[in-house]
2 protein chains.
Amino acid sequence: MKIGELAKRSGLTAYTIRYYERIGLLPYADRDRSSQRDYDASILTWIEFLGRLKATGMPIREMLRYAALREQGAATEAERRALLEKHRDRVYANLTELQANLLVLDNKIAGYAAAEQRIENGHSHRKAR
Amino acid sequence: MKIGELAKRSGLTAYTIRYYERIGLLPYADRDRSSQRDYDASILTWIEFLGRLKATGMPIREMLRYAALREQGAATEAERRALLEKHRDRVYANLTELQANLLVLDNKIAGYAAAEQRIENGHSHRKAR
DNA sequence: CCTTGACTTAGAGTGTACTCGAAGCCCTAG
DNA sequence: CTAGGGCTTCGAGTACACTCTAAGTCAAGG
């Protein structure tokens, strides 16, 4: 699979894929005889995982660390696990905070809704029954 | 309250407070006779709310829109409400996605844990009982 | 009076993560 | 055989949100 195809399937742009390879987030891809990148479908699994790390707010620096450990093989699994656990805990904390903020947002919105209600009642000169 | 004090109380740096004022996220602060910003404690409520918008991923552009509406008074409440509702829905979607990613992360970690367990069993030449 | 430290402004610099432009190569279809 | 499209590399440019520097002002304490 060439880069354009991979871009379509992964949701990344070809620019981003090259960028990720340049910085080491994606392994250096094999090239065909005209120097074009030729990808195996298995790369998609890795890209998807990277997407999850990104979606949960992991900075590229840390993904790079994980990617480097992965390249070094099975001996680094404990460290990879530790890295993910640390990240998961941060994500969890973040999630909790997000839920709290969502509640505040909901209350604020409810406040606006109540205000609108009062205005409507006022405008129509109706009383609550 | 001067800017240093507000910085301490709000958790923003003085740089950030000036930056926010410059771009219109904070109202232009009154100055004392030596041109120093003199804040009323009520600004803290607004800064805290901005913090929540930020923590839930609202870009500054949109906070600016909200801030501008707020400056225009009560007539813009419906629009402000709509803006917040739109944002809340995005946050909610984001939250849901985050939870899903957290689950995947947990599974991945569990996978590493299981692998470690297998290695330990192998090393000690013990059998499951 | 003089130093110290917090403040002022305008504008430049930083970090993160892309995103794109330029110039050129190579395969396929007409 | 040639035009088109997708690919290559390298390096520059962009967007966002700060973050800091420089040069100067000002009020209070010793």
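Order of the sequence lines fixes the chain letters, A, B, ..., with proteins taken first and strands second; residue numbering starts at 1 for each chain.
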Visitor: Please pick, from C:dT8, D:dC18, C:dA17, the nucleotide with the shortest atom-to-atom distance to any side-chain atom of B:T16.
Guide: D:dC18
Visitor: Measure the distance from OH on B:Y19 to C1' on D:dT21 and round it to the nearest whole Å.
Guide: 18 Å
Visitor: Just the rounded figure in Å: distance from P of D:dC16 to CE of B:M58.
Guide: 15 Å
Visitor: May I ask you to evaluate whether A:R61 reaches the phosphate of C:dT16, defined as a side-chain N or O under 4.0 Å from OP1 or OP2?
Guide: yes
Visitor: How many whole angstroms separate atom CD1 of B:I23 from atom C1' of D:dT19?
Guide: 14 Å
Visitor: Hey, is CZ on B:F49 packed in by over 12 heavy atoms from elsewhere, all under 6.0 Å?
Guide: yes
Visitor: A:I17 CD1 to C:dC18 P: how many Å, rounded?
Guide: 12 Å
Visitor: Between A:K86 and A:E62, is there a side-chain N and carboxylate O pair less than 4.0 Å apart?
Guide: no
Visitor: What is the distance, to the nearest angstrom, from the CG atom on B:L12 to the C1' atom on D:dT19?
Guide: 13 Å
Visitor: Can you build the contact string for nucleotides 20-30 of chain C? Use B for base contact, S for sugar-phosphate-only contact, and - for no protein heavy atom under 4.0 Å.
Guide: B-----SS---
Visitor: Could you tell me how far apart B:K8 (NZ) and C:dA6 (P) are, to the nearest whole angstrom?
Guide: 8 Å
Visitor: Would you say a side-chain N or O of B:Y20 is under 4.0 Å from OP1 or OP2 of D:dA17?
Guide: no
Visitor: Please state whether the phosphate of D:dG6, meaning OP1 or OP2, lies under 4.0 angstrom from any side-chain nitrogen or oxygen of A:R18.
Guide: no
Visitor: Flag the pair B:R52 and B:E48 as a salt bridge only when some basic side-chain nitrogen lies within less than 4.0 angstrom of an acidic carboxylate oxygen.
Guide: yes
Visitor: For the backbone of B:T16 and the side chain of B:T13, can you confirm whether one donor and one acceptor N or O come within less than 3.5 Å of each other?
Guide: yes
Visitor: Please enumerate all residues that pass salt bridge (charged side-chain N to carboxylate O under 4.0 Å, His left out) together with A:R70, with sequence neighbours excluded.
Guide: none
Visitor: Among the nucleotides D:dC18, D:dC7, C:dA17, which one has an atom lying closest to any side-chain atom of B:I60?
Guide: D:dC18
Visitor: Separation of A:L6 atom CG from D:dC7 atom P, in whole Å?
Guide: 10 Å
Visitor: Measuring to OP1 and OP2 of D:dT8, would you say a side-chain N or O of A:R37 lies under 4.0 angstrom away?
Guide: yes
Visitor: Taking atom P of C:dC18 as reference, at what distance in whole Å does atom CG of A:L64 sit?
Guide: 11 Å
Visitor: Salt-bridge test for B:E77 and A:R118: reply yes if a basic N is under 4.0 Å from a carboxylate O, no otherwise.
Guide: no
Visitor: Mind checking salt bridge (charged side-chain N to carboxylate O under 4.0 Å, His left out) for B:D106 and listing every partner two or more places apart, or none if nothing turns up?
Guide: A:R88
Visitor: Please tell me if B:K54 has a side-chain N or O lying less than 4.0 Å from either OP1 or OP2 of D:dC18.
Guide: yes
